[in-house]
Trainee: 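Handing you this structure, nothing more for now.
Start at 1 and go down the list; that is how both ligands and their atoms are numbered.
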Amino acid sequence: MEIKKITTHQLQEMKRRGQKIAMLTAYDFSMAKIIDAAGVDVILVGDSASNVMAGNETTLPITLDQMIYHATSVVKAVRRALVVVDIPFGHYQGSSGEALRSAIRIMKESGGHAVKLEGGSEVKDSVLRILSAGVPVMGHLGLTPQSIYKFGTYSVRAREQAEAEKLYEDALMLEECGCFGLVLEKIPADLARKVASSVKIPVIGIGAGQGVDGQVLVMQDMLGITNEFKPRFLRRYADLHSVITGAVRNYITDVRSGEFPAEDEQY
Ligand code: KIV
């Protein structure tokens, strides 16, 4: 059966129809295959790979080559979802030319369908330059983890009026530039609702409440593989940490006792 692929245009139609968009992160072939077949609309190859795959404290160390490696594995698995790839820290802030070169490398080498980058007016030139090459861009405002050393904490952003006003203006600007969608991370729900109702492009929230057009979570968090990260916005849909620990303990016991392999598990 032919599978109808999700496009940026379809996501905008989903918003128009009031149909919520489900987005999750993935970084490897096996997991991407499962979540794509389960029906997720957008797969984000997030730079959160730096945390959950590489074990770094922040998203800053991950390189463009590493992001392309993760994205290439994900793209091979995906039949239906739109694959969005984060441009990592240091690969778009320097100049719009550098941003364009990074986006082109991601699109050419990984086969991803779109890129995402963090920030508002500061990255406008980069956004416009990438879009001018025909590469779809998703914006990301609010808690932008690549700026963690400027913020100092991972707490809720845009509680103060000045920051909320800037975020609102940045969202309008990103839509005006031609971004196909926007992620809002960890901001007050009222502000996220106001942004989502002011723009025609889909707004995907993470810790941004109910009034947006879709939700995104980091897969390792929602599956309960990571078990120490417990922000209020995170709903765990499974406890894979316990499931995996139990399975591995059973395996160790069976190997040590000689219970595994059995007669019918050998040649
Ligand atoms: O890198 C990431 O996983 C993200 C999401 C948290 C939106 O940017």
Trainee: With no hydrogens and no angle check, is any side-chain donor or acceptor of Q12 less than 3.5 Å from a backbone partner on F180?
Mentor: yes
Trainee: Is a side-chain donor-acceptor pair under 3.5 Å present for S73 with D28?
Mentor: no
Trainee: Looking at side-chain heavy atoms only, is the closest gap between C177 and K124 below 4.5 Å?
Mentor: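 In contact.
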Trainee: Would you say N56's side chain and N51's backbone share a donor-acceptor pair under 3.5 angstrom?
Mentor: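 No; judged by distance alone, with no hydrogens or angles, the pair does not exist.
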Trainee: Could you measure the distance from the CD1 atom of I252 to the CZ atom of R256? Nearest 0.5 Å is fine.
Mentor: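 It is 5.5 Å, given to the nearest 0.5 Å.
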Trainee: Give a yes or no answer on whether the side chain of K15 reaches the backbone of A196 with a donor-acceptor pair at less than 3.5 Å.
Mentor: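 The answer is yes, because a donor-acceptor pair under 3.5 Å joins these two groups.
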Trainee: Measure from every N or O atom of ligand 1 to the protein's N or O atoms and keep only the pairs below 3.5 Å, writing each with atom names and distance to 0.1 Å.
Mentor:
{"from": "ligand 1", "atom 1": "1 (O)", "to": "D47", "atom 2": "N", "distance (Å)": "3.2"}
{"from": "ligand 1", "atom 1": "1 (O)", "to": "D47", "atom 2": "OD1", "distance (Å)": "3.0"}
{"from": "ligand 1", "atom 1": "1 (O)", "to": "S48", "atom 2": "N", "distance (Å)": "3.1"}
{"from": "ligand 1", "atom 1": "1 (O)", "to": "S48", "atom 2": "OG", "distance (Å)": "3.2"}
{"from": "ligand 1", "atom 1": "1 (O)", "to": "D86", "atom 2": "OD2", "distance (Å)": "3.2"}
{"from": "ligand 1", "atom 1": "3 (O)", "to": "S48", "atom 2": "OG", "distance (Å)": "2.5"}
{"from": "ligand 1", "atom 1": "8 (O)", "to": "K116", "atom 2": "NZ", "distance (Å)": "2.9"}

